[in-house]
Amino acid sequence: METLIMVAQLLLGLSILVGLHEAGHLLAAKMFGMRVEKFSIGFPPKIAGFKYGETEYSIGAIPLGGFVKISGMVDESLDTEQMASEPQPWEFRAKPAWQRLIVMLGGIIVNVVTGILIFVFLVYDRGETYYSRDQVLEHGIVAYDIGEQIGLRTGDRILDINGQPYESINELSSGTALLSTNGYYTVDRDGERLQVSIPRGFINSFSNEESMSKFIQIRFPFEVGEVVPGQGAAQAGMQKGDRITAIDGQKVYYFDELQEALKDKANRRVEVSLERDGNPMTVTPEVSENNTIGIGVASLLEPIRKQYSFAESIPLGVKRAFGVVIVNARAMGKMFTGEVSAKNVSGPIGMAKIYGSSWDWVKFWSITGLISMILAFMNLLPIPALDGGHVMFLLYEMVSGRAPSDKFLENAQKVGMVILLMIMVFAIGNDILKLFVGS
């Protein structure tokens, strides 16, 4: 069932984005009087469709893209027979270069607008919830394996990133921070100010969502939440709302201190000092084999919550949308230098895993908005067979006054299709490798 949910979310997200992208091309083409022969979400073989006017609309069996076939355009169909005849007024090649340019940019523009709208409405609907820099400075961080590898320590108070203050703890693990050149965190460690460098290629440590949980989080004071019946805490008489102050005389204030105090004490009784309604008490629960006493914890640190008006949400949504593009552009640039591993390139399996195995509409739209912006960026790359390749040749025509020959465009299209196929094979290969050997 979990796999079905992941696949269903991926197919729905891609269908929405591909449909809108191809609709951008279709509407722009029809606006300039071009004949659109086919509009497809998914690649052949066709599994369903209908014809309306001059256009055949269909759904293909391979849901990893889509296409529009515009009369008189050299595209992936490589329809050389049509291109051999004289240009007709309704054909793509018969229109001015600026009109053809708008048609080729139509899908990219729609994806950008879609991404922006998704992020704007998410900001407006959900606002922001985060732990602030002031809270990090007050309580410090918990450094997990990945954080410790670069020299961060539990209790550090992070002052800035690359000499610049931050607003949210989320910025400490953002793509902007992790892709920094000669980046560093400035920390206060027991009153001493020092710098912790962000190593070259550090972003490769964050290959999946789980790895983010192994970096850092804010330290938080706590009280006992739920008490699990039949386990050590319940048998010792602990109750919801108790405040643990020490374990075997070891002071406890933060949750990570509780975990540290219980470590290596499996199957032993420990002396727990606590406060209940302001009164000190001592109980002696037994620690289980996994070093717990059978309690849930409730954080006593409230995150910052902000709500925004629709007008305030617009610039924030735009900033988030284009932030995705900037981070991906930087990551791609560093991939060519070897700083970012090509193993981070994911195909459909990796994308499905990002959506997750439970259906959460907020997460679904967040990821779909992110993918929409990435699709726009990727389609703008100057690779033949992508929109960016067509844009590159059209700009050449507009600047030089000479259009590339149909033969050249056909050959360029073939080369582009081979490049895209190789990228797809590589991405799917990465997905399969991760399934068998992990990330």
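What you see below is based on every heavy atom in this structure, not just the backbone, and it leaves out hydrogens, waters and symmetry mates. For this chain, numbers begin at 1 and follow the sequence in order.
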### Summary
Output for pair (Tyr185 OH, Ser180 OG), nearest 0.5 Å, gives 7.5 Å
### Message
Minimum heavy-atom separation for Ile367 and Ile354, please, with both atom names.
### Response
CD1-O, 3.2 Å
### Note, Leu300 side chain near Tyr253 side chain (heavy atom, < 4.5 Å)
no
### Query
Are the side chain of Asp156 and the backbone of Ile158 linked by a donor-acceptor contact shorter than 3.5 Å?
no
### Message
With a sphere of 6.0 Å drawn around CZ of Phe121, does it hold more than 12 non-hydrogen atoms of other residues, nucleotides or ligands?
### Response
no
### Task
Give the minimum heavy-atom separation between Ser357 and Ile5, together with the two atoms involved.
O-CD1, 3.5 Å
### Ring geometry between Phe50 and Tyr57 (parallel below 30°, tilted from 30 to 60°, perpendicular above 60°)
parallel
### Message
What verdict does the side chain to side chain contact (heavy atoms under 4.5 Å, CB included) test give for Ile244 and Ile295, after you've listed the backbone C-alpha separation in whole Å, the side-chain angles of each residue and the deciding distance to 0.1 Å?
### Response
CA-CA 11 Å; Ile244 297 175; Ile295 61 170; 4.0 Å; yes
### Query
Taking only residues two or more places apart in sequence, or in another chain, which ones meet Arg330 in a salt bridge (charged side-chain N to carboxylate O under 4.0 Å, His left out)?
none
### Query
So, do Leu137 and Asp188 sit near enough that their side-chain heavy atoms are less than 4.5 Å apart?
no
### Query
Among Glu37, Lys30, Lys38, whose side chain to side chain donor-acceptor pair (under 3.5 Å) with Thr55 holds?
Lys30
### Message
Given 3.5 Å as the limit, does a donor-acceptor pair link the side chain of Asn291 with the main chain of Ala261, or not?
### Response
no
### Query
Could Lys263 and Glu260 be called an ion pair, given the rule that one side-chain N must be under 4.0 Å from one carboxylate O?
yes
#### Entry: Donor-acceptor under 3.5 Å (Ser197 side chain, Pro199 main chain)
no
### Query
What's the spacing between Ser400 OG and Leu395 CG if we round to 0.5 Å?
10.5 Å
### side-chain hydrogen bond (donor to acceptor under 3.5 Å, both in side chains) involving Thr186 - partner list, sequence neighbours excluded
Asp160
### Task
Compare all side-chain heavy atoms of Thr129 with those of Pro303 and state whether any distance is below 4.5 angstrom.
yes
### Query
Hey, is the main chain of Gly155 close enough, under 3.5 Å, to the side chain of Tyr254 for a donor-acceptor pair?
no
### Summary
Given the options Gln217, Arg153, Glu257, Val142 meets side chain to side chain contact (heavy atoms under 4.5 Å, CB included) only with Gln217
### Task
Check the angle between the aromatic planes of Trp365 and Trp361 and answer parallel, tilted or perpendicular using the 30° and 60° thresholds.
parallel
### Arg35 CZ to Gln88 CD distance, which is reported to the nearest 0.5 Å
8.5 Å
### Message
Are Tyr52 and Phe39, when compared by the centres of their aromatic rings, separated by less than 6.0 Å?
### Response
no
### Query
Would a distance-only check, ignoring hydrogens and angles, find a side-chain to backbone donor-acceptor pair under 3.5 Å from Thr368 to Gly13?
no
### salt bridge (charged side-chain N to carboxylate O under 4.0 Å, His left out) partners of Glu312, counting only residues at least two apart
none
### Query
Between Met424 and Pro348, what is the shortest heavy-atom contact and its length?
SD-CD, 4.4 Å
#### Entry: Distance in Å, Met373 CE paired with Phe119 CZ, rounded so as to fall on 0.5 Å steps
7.5 Å
### Message
Using modelled atom types and a 3.5 Å cut-off, is there a donor and acceptor pairing between side-chain atoms of Asn162 and backbone atoms of Tyr184?
### Response
yes
### Query
Are any non-hydrogen side-chain atoms of Leu105 and Leu380 less than 4.5 angstrom apart?
yes
### Query
Taking all atoms of both residues into account, what is the closest heavy-atom pair of Ala385 and Gly416, and its distance?
CB-C, 3.8 Å
### Heavy-atom side-chain proximity of Asn204 to Val340 below 4.5 angstrom
yes
### Query
Between Phe43 and Phe67, how do the two ring planes meet: parallel, tilted or perpendicular, split at 30° and 60°?
parallel
#### Entry: From CA spacing to verdict: side chain to side chain contact (heavy atoms under 4.5 Å, CB included), Val287, Asn267
CA-CA 5 Å; Val287 182; Asn267 303 315; over 6 Å; no
### Task
Could you check Met73 against Val103 for side chain to side chain contact (heavy atoms under 4.5 Å, CB included), going step by step and ending with a plain yes or no?
CA-CA 11 Å; Met73 176 182 169; Val103 170; 5.9 Å; no
### Query
When rounded to the nearest 0.5 angstrom, what is the spacing between NZ in Lys46 and CD1 in Ile62?
15.0 Å
### Message
With a sphere of 6.0 Å drawn around CE of Met6, does it hold more than 12 non-hydrogen atoms of other residues, nucleotides or ligands?
### Response
yes
#### Entry: Step-by-step side chain to side chain contact (heavy atoms under 4.5 Å, CB included) determination, Tyr131 to Phe220
CA-CA 10 Å; Tyr131 292 108; Phe220 61 88; 5.7 Å; no
### Query
Between the side chains of Thr181 and Lys334, does any donor sit under 3.5 Å from an acceptor?
yes
### Query
Side chains of His390 and Gln413: closer than 4.5 Å at any heavy-atom pair?
yes
### Task
Give a yes or no answer on whether the side chain of Ser40 reaches the backbone of Ile59 with a donor-acceptor pair at less than 3.5 Å.
no
### Query
Any chance the side chains of Thr292 and Asn290 put a donor and an acceptor closer than 3.5 Å?
yes
### Query
Just wondering, do Trp90 and Glu54 contact through their side chains at under 4.5 Å, heavy atoms?
no
### Query
In Å, rounded to the nearest 0.5 Å, how long is the span from CD1 of Ile371 to OH of Tyr355?
3.5 Å
Please list every donor-acceptor pair under 3.5 Å in which a side-chain atom of residues 313-324 meets a protein atom from a residue at least two apart or in another chain.
{"residue": "Ser313", "atom": "OG", "partner": "Tyr124", "partner atom": "N", "Å": "3.4"}
{"residue": "Ser313", "atom": "OG", "partner": "Ser309", "partner atom": "O", "Å": "2.8"}
{"residue": "Arg320", "atom": "NH2", "partner": "Glu128", "partner atom": "OE2", "Å": "2.8"}

#### Entry: Arg126: partners by side-chain hydrogen bond (donor to acceptor under 3.5 Å, both in side chains), with sequence neighbours left out
none
### Query
Mind checking whether Gln259 and Val297 have side chains closer than 4.5 Å, heavy atoms only?
no
### Query
Have Glu171 and Tyr130 got a donor and an acceptor in their side chains that come within less than 3.5 Å?
no
### Task
Provide the full list of side chain to side chain donor-acceptor pair (under 3.5 Å) pairs with a residue in residues 1-26, sequence neighbours left out, each pair given once.
His21-His25, His21-Asn111, His21-Asp387, His25-Asp387
## Note on the structure
salt bridge (charged side-chain N to carboxylate O under 4.0 Å, His left out) with Glu397: of Arg402, Lys95, Arg100, only one passes, and it is Arg100
#### Entry: Minimal non-hydrogen separation, Ile41 against Gly19, with atom names
CD1-CA, 3.7 Å
#### Entry: Nearest heavy atoms of Leu178 and Leu172, plus distance in Å
CD2-O, 4.3 Å
